[in-house]
Protein chains: 2
Amino acid sequence: MADRVGIAEVAKLAGVHPGTVSRALNPKTEDQVNVDTRARVRRAAKQLGYTANSIARGLRTNSSMTIGIIIPDLTNPIFPPIVRGVESCLTGRGYSAFVVNTDGDAGIERTVFESLLQRQVDGFIFGTGHTGPSVAADAYARGIHAVMVNRDAGGVPYPSAVGMDADGIQAAVRHLHDLGHRSIAHFAGPAAFSTSRVRADAFRAACDSLGLERVIIEAGAYSVEAGKAASAELLAIGPQCPTALVAGNDLLALGAYHSVREAGLVCPDDLSIVGFNDMPFAEDFLPPLTTVRVPLFDLGVEAAQLLLDQLETKTIRNIQVALPVELVVRGSTAVPRR
Amino acid sequence: MADRVGIAEVAKLAGVHPGTVSRALNPKTEDQVNVDTRARVRRAAKQLGYTANSIARGLRTNSSMTIGIIIPDLTNPIFPPIVRGVESCLTGRGYSAFVVNTDGDAGIERTVFESLLQRQVDGFIFGTGHTGPSVAADAYARGIHAVMVNRDAGGVPYPSAVGMDADGIQAAVRHLHDLGHRSIAHFAGPAAFSTSRVRADAFRAACDSLGLERVIIEAGAYSVEAGKAASAELLAIGPQCPTALVAGNDLLALGAYHSVREAGLVCPDDLSIVGFNDMPFAEDFLPPLTTVRVPLFDLGVEAAQLLLDQLETKTIRNIQVALPVELVVRGSTAVPRR
DNA sequence: TTGTAAGCGTTATCAA
DNA sequence: TTGATAACGCTTACAA
């Protein structure tokens, strides 16, 4: 950078002491300084093109006004809206965010976490929660401020902002039931994620209460590829194959789209498919995807607010914010043909 | 944060001077210190759970090892791959990235730019280039390190990493010509963006050299909404309406999808549509979108490399990296029916 | 209301 | 090879 003007130069030009410049320029202390000294300082600062060095400030105040957002993969379409939600809430309050990806790799997660820690971030937003030994668990043990978004931390009592997934699954199953389906499949996400368990449990409960046949296939990941694999398994069932599928998320649903087409079948005629999340452009798919809309942006906002609250109160309260979801019926579900 | 162990504690435990600890722990200076003092220091550091404070380091070294990525909107699907490309290149070298959005608003861009400047970022990657007075122009004038990605800075001689857009457009037009189309439309993006001009110019040239009728409609933005508006204008032409459309990007193409459907027409029968970028999931649209694939991730990698080069050499060379693109033919283009 | 000066956790220069 | 010491640019008691 080419910034060579500091508080000292401003002080000299304004004819005051550096300390006074600091006070005059800081909103919290500006009223400690005479109104026209303040004006003089301001003028000098502007004239010199003074830019505060928040790194120096942070060193002194022990707060960097930065946070870290740790997610599996930014190219998973659910994350951009979440990240934007977080930032919409944080930037106005003077925070900036580091956004880093883990690709679901625990080692990478550890590395980026430590690296952000060195950068003195004031807190974390984790989109990576899972059961078992985790960075979140370690962070909690070290008293680090953080919140979970979209998933919970699998036992670690950080606050979290999630969707009301059970409601969404229930609505999806009921919708399929009302269309006349009597046997329904579910692609569950990896068991380590809270979302997977919540959705699978809700699926079981909904089917049972409606008296529907059900089959659950666990997908290895929340990805298109995993969706294809699970679909292969599903279609291999043959004549007994369920007539409808509630996929654990939209990507799994998309994988099912591919497999169904490759098998020479058509959705929704041969298989009705429901997704989860209502990822951007889900309505533009072939066919438009019936799915459960999760307010992703708002999830980000809530997570940011929970973190802010934590940073302000310096206490980690175990609050779970659950936002309502909504079934969006589009073209991938229909009356069963068999 | 709850980090209370600094270099001083480590020094005390290891029985050496803080300066020695610094040297022992810094890869660049570790060979200035006796091999077993070094080991002792390392052990002490580990034992205390020492985490370096890179903010303090940055203050002293005048380098934060952070960069700022300024883009219009992370939820525009072309940006996540670009950002990941950038980070794939930078994180290995010890950099972390702030990702901020401008929503195309010059005021917001200014604000976030200044805010990142205060945070002492070592450089910027701009995905926001346009003609006219810009943050990039100002940054250049101030000697700030930066590169452009996807677009150039409209006259500001920062290096840039872009796609070979003209080739892509040419391939698209030729493809439509070969299918038998004789009159083709183009939705051009806002004139302020370099991509818009390059693509529109290439469109004109390609049509002229192939002897095709052409109409160009300028869209107000690179968005689905703008695509709808432009399509309304296009369809209003009536019987003389071109039989094919080369949209300035995939979002505009998607807007055209919507309008075509609303008008009771079908793509590609009534209108063949080509997009640009091959955004994620373009193959899953209804119909699958014929589009020009731009290596977005690689664009990010190149941009990061250009920035790294700049930070290392301390010189801003005006290098333009242009990556090859490729027409991907899918279901949205066909032989014209009229 | 303003000046003084210490100190945030490092690194870098200079001696020893 | 290590120690001592002065920065880096700012904030904040405390004093005046």
Side-chain angles (χ1 to χ4, degrees), chain A residues 1-42 44-45 48-66 94 117-122, chain B residues 1-42 44-45 48-66 94 117-122:
Chain A
M1 283 317 58
D3 267 338
R4 288 300 83 220
V5 28
I7 223 169
E9 285 82 340
V10 177
K12 195 175 301 170
L13 178 59
V16 296
H17 190 273
T20 305
V21 173
S22 171
R23 284 185 286 255
L25 261 27
N26 187 325
K28 278 175 201 157
T29 50
E30 62 179 9
D31 32 297
Q32 292 174 26
V33 38
N34 182 301
V35 67
D36 37 66
T37 343
R38 199 194 306 171
R40 200 148 31 97
V41 169
R42 291 258 173 76
L48 295 172
Y50 170 74
T51 304
N53 182 331
S54 52
I55 241 161
R57 187 210 317 274
L59 183 59
R60 185 62 236 250
T61 59
N62 197 32
S63 113
S64 63
M65 297 301 278
T66 62
L117 227 38
Q118 294 192 186
R119 302 210 128 87
Q120 309 297 114
V121 296
D122 294 334
Chain B
M1 285 311 64
D3 267 338
R4 290 299 83 220
V5 31
I7 224 169
E9 285 83 340
V10 177
K12 195 176 301 172
L13 179 59
V16 296
H17 190 272
T20 305
V21 173
S22 170
R23 284 185 287 253
L25 262 26
N26 187 325
K28 279 177 199 154
T29 50
E30 62 179 8
D31 32 297
Q32 292 173 25
V33 39
N34 182 303
V35 67
D36 36 66
T37 353
R38 200 194 304 171
R40 203 148 28 97
V41 169
R42 290 257 173 77
L48 294 173
Y50 169 74
T51 304
N53 183 330
S54 53
I55 242 163
R57 188 211 314 276
L59 181 60
R60 185 62 238 247
T61 60
N62 197 32
S63 113
S64 63
M65 296 300 279
T66 62
L117 227 38
Q118 294 192 184
R119 302 208 128 86
Q120 310 298 113
V121 297
D122 293 335

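Protein chains get the first letters and strands the later ones, always in sequence-line order, with residue 1 at the start of each.
Between A:A11 and A:P18 the shortest heavy-atom distance is CB-N, 3.6 Å. The shortest heavy-atom contact between A:R38 and A:D31 is NH2-CA, 3.9 Å. Looking at every heavy atom in both residues, A:D122 comes nearest to A:S64 through OD1-N, 3.0 Å. Contact record, A:V10 with A:A45: CG1-N, 3.8 Å, taken as the closest heavy-atom pair. Among all heavy-atom pairs drawn from A:N26 and A:R57, the shortest one is ND2-NH1, 4.2 Å.
Going from atom CD of B:Q32 over to atom C1' of D:dT1 covers 9 Å, rounded to whole Å. For B:D31 and D:dT2, the CG to P distance is 12 Å, given to the nearest whole Å. B:N62 has its CG atom 12 Å from the C1' atom of D:dA7, to the nearest Å. Look at NZ on B:K12: it is 13 Å from P on C:dG9, rounded to the nearest Å. To the nearest angstrom, P of D:dT2 lies 13 Å from CD of B:E30. Atom P of nucleotide C:dG7 and atom CG of B:N53 are separated by 18 Å, given to the nearest angstrom. Separating the CG atom of B:D36 from the P atom of D:dT1 is a distance of 11 Å, rounded to the nearest angstrom. Computed from coordinates, the B:L117 CG to D:dG9 P distance equals 15 Å when rounded to whole Å.
For the pair A:I55 and B:R40, both in contact range of DNA chain D, the more 5′-proximal nearest nucleotide belongs to B:R40. Positionally, the nearest nucleotide of DNA chain D for B:R38 lies more toward the 5' end than for the other of A:G6 and B:R38.
Contacts of B:T37 with the nucleic acid, taken as non-hydrogen atoms under 4.0 Å apart, involve only primed sugar atoms and P, OP1 or OP2.
Here the side chain of B:R119 pairs a donor or acceptor atom with the backbone of A:M65 at under 3.5 angstrom.
With a 4.5 Å cut-off on side-chain heavy atoms, B:V21 and B:Y50 do not count as touching.
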Classify every nucleotide of nucleotides 11-16 of chain D by which part a protein heavy atom approaches to under 4.0 Å, writing B for the base, S for the sugar-phosphate alone and - for neither, in 5'-to-3' order. BBB---
